[in-house]
Every structure is written in C-alpha cells, then in structure tokens.
Amino acid sequence: MSDKPDKRSTFPLPLSSVTGGARKGPAFAPARVATPRPATPQAATPGVATPRVATPRVATPRVATPQTATRNAAGNGGQPNGGPNSANAYVARVVASPSKSHSDALLRSQPLQVVPPRPDMGVSDAIRRAMVARVARQGVRDTVVLGALETVQRHRFIEPALSAQAYIDASLPIGHNQTISRPYIVARMLEVLRNGAPLNRVLEIGTGCGYQAAVLSCIAKEVYSVERIRQLHELAKTNLRHLRIVNLRLHYGDGMLGLPQAAPFDGIILAAAGLEVPQALLEQLSVGGRLVAPVGAQVQHLQLITRTGKAEWMSETLEGCHFVPLRPGTV
C-alpha cells in the first residue's frame, strides 16, 4: 500500500475542516489517509496522519467557593437560592461578609457550616410588637414594662409546637399542670409592682418556664425567683441560659417560705393563687415595698399589698384573674 494520500478520499477529515461551505484558497492541508496503530507502541510513520481517539470528558463536580456563592447571589437579585431565610441564604451571607481575621484561602479550605432552620423561624419581631400594642390598648401604660415585654421573646419559653400561639393573649401549658401567664396579666402585674418607680430587689414566687423572670430582669436591678417543681426549675435554667442574664438568680425551694437570706425585697410577685398571701412573704417585704398576688380559689382577683410600717400592711383589690393554685413544699 502506498504511503501517498488518496486525493479521492474524503474520510476521515479533521474536525476543523467541516465549515459548511467552500472557501477561497486552501484554508487547510489536504486530508491524509489514516493508518491504524497496532496495539504495541511504535514510532509514527512519517507523512501519515495517526487517528486520534476521542476520550470522553468526565464532568467534575464544582465546589462552591466564596466567589461563586457571591456571583450566584448577585444573579438572583441579591438573594441566594431559597430566599432570604433559607440555609443557602445563610451560607451566602457568611461567605459574602467574612471576618477580617480570616483570609480567602482559609475560607476556601473550611467547609461551609449550614445552620438548620429553627422551628420558631416563622415568629417575627413584628408579631411581638403587635402583642405589645394590644397590651397597651388593654390599658397598660408603663413604657418600661411595655419595652421589656417587647424585648423578651416569649416563643422561646414554650414548646416549639406552640410557637404560632406564643403572642396571643392566652395562658399556655408548660407541663406539670402549670402554665405561662397571659401577656396582658404579666404586664399588668409588673406595672402595679413598679408603680412608676425603679425597682431594686424583686422576688418572684413561681418561676415556671422563666418567661416572667426574664421580663422582670429588664425592669429591676436584682431578681430572685423560686420554683417548687424541680423539673420546671431545670426547664427555666435551660430557657434562660442562652440569655446570660447577670441580675437574675433562680432557686429551687418552697415559694411559700420566700427567700429570707436575700430579704428584704421592695417588690414581690406571685405567679400562683392562694386563699391568702403567706405571712412569711409579708415579713420579707421592705417598708414601702409592694406585693402583687392572685388571691382566691374558684374566683380569683389580683391583690396589691403595700407595707406601710414595721407591722402594718395596706391591701387593695384590683381586677379578676385566673392562676394555678399556690402549694407548699417541693416536688
């Protein structure tokens, strides 16, 4: 077989020679007849083109980097896939604004940590502000109390399944036959307790889930809270731990005995109703101090007690309410 090219042969042609039409002048060299290459390696025959075997290209997965995440966000109106509340959006925000102490190389070398969405992500600040506005319409005027109510996120103190109901004006179960009080009644009792003046040392009887104690910490210099149910005491500690409140102290014990080691208090508030206010609590109230408590059995009302002297107290009945019963001892 001659090694000269057969000018009549048109196959195979170089890929670049397929142009879809004739060109003026020889744009490419004439095609050569391909000589199959044996399985064993050998030198190429001079003047004879060796056919090239196409190797399939394997797609390589692309790993997201800070640059690609930023470009993707820009291409979607500044919103990464999934919208502003998605895990992708969280990643894009972290990548787009890295800490100055981290170099780009470090960011690329570290895996991106995606924070799973919390079950309470649907609860917005606007809903909490609407709750505060409703409480104000119901008659609470103390702006300090209203500000504290807006600061503390009530949905973090109840079960995630009840998050959608966190800001309605209703008491909600927290387990052990106990409830978290209505937002209005919490605000009303704190308004009466404050009476427009700063609070220094306050005692709360009935910590429950810790919500009212957190609100109290926003309006008083020192807050002590006593809970008789061990599991609720632990629940309150868990709920309050992430807030890192420095002026709040939780105690496990019999609330009817008060907390004599921290007395006297210029404010005492009860989150459970007894037939009467325990004498031990009256004794731990400072002169001029105020105590607010629900009193009664089937029919209850809020009672304000002010200590006017060493052995003198003045009582005033306020409005109707409904609380769990005040019980002695610990469980």
- Task: Would you please name every residue forming a ring pair (Phe, Tyr, Trp, His ring centres under 6.0 Å) with Tyr184, sequence neighbours left out?
- Result: none

- Item | Nonpolar side-chain network containing Ile268, other nodes, edges under 4.5 Å | Leu203, Ile205, Tyr224, Val226, Met256, Leu259, Phe265, Leu270, Val277, Leu281, Leu282, Leu285, Leu291, Val295, Ile305, Trp313, Leu326

- Message: Is there a side-chain contact between Arg307 and Ser286 in this structure, where contact means two heavy atoms from C-beta onward sitting under 4.5 Å apart?
- Response: no

- Contact list for residues 287-304, test salt bridge (Lys or Arg N to Asp or Glu O under 4.0 Å), sequence neighbours left out: none

- Task: May I ask you to test the Leu318-His301 pair for a side-chain heavy-atom distance under 4.5 Å?
- Result: no

- Single-linkage hydrophobic cluster, 4.5 Å side-chain cutoff, Val202 and Leu243 together: yes

- When Val186, Val223, Val145, Val152 are each screened for side-chain contact (heavy atoms from CB on, under 4.5 Å) with Leu216, the one that passes is Val223

- Item | Distance (rounded to the nearest 0.5 Å) between Arg188 CZ and Leu193 CG | 12.0 Å

- Task: Going by the side-chain contact (heavy atoms from CB on, under 4.5 Å) test, name the single residue among Val144, Ile219, Val132, Val140 that passes it with Leu149.
- Result: Val132

- So Leu190 and Asp142, side-chain contact (heavy atoms from CB on, under 4.5 Å) or not? Walk me through it. CA-CA 9 Å; Leu190 296 186; Asp142 192 324; over 6 Å; no

- Task: Can you establish whether the number of heavy atoms outside Arg327 located under 6.0 Å from its atom CZ is more than 12?
- Result: no

- Item | Remaining members of the apolar cluster that contains Met314, side-chain heavy atoms under 4.5 Å | none

- Here the ring pair (Phe, Tyr, Trp, His ring centres under 6.0 Å) pairs for residues 185-213, sequence neighbours left out, are Phe157-Tyr211

- Is Pro198 close to Lys221 at the side-chain level, that is, under 4.5 Å between some pair of heavy atoms? no

- Query: Leu257: which other cluster members, linking ILVMFWY side chains closer than 4.5 Å, directly or transitively?
  - Reply: none

- If Ile, Leu, Val, Met, Phe, Trp and Tyr residues are connected whenever their side-chain heavy atoms lie under 4.5 Å apart, and connections chain through other members, are Tyr252 and Ile174 in the same group? no

- Please determine if Arg154 forms a cation-pi arrangement with Tyr167, meaning its NZ or CZ atom is less than 6.0 Å from the six-membered ring centre and no more than 45° off the ring axis. no

- With a 4.5 Å heavy-atom cut-off, do Arg228 and Asp254 have their side chains touching? no

- Task: Please check if atom CD in Gln153 has more than 12 non-hydrogen atoms from other residues, nucleotides or ligands closer than 6.0 Å.
- Result: yes

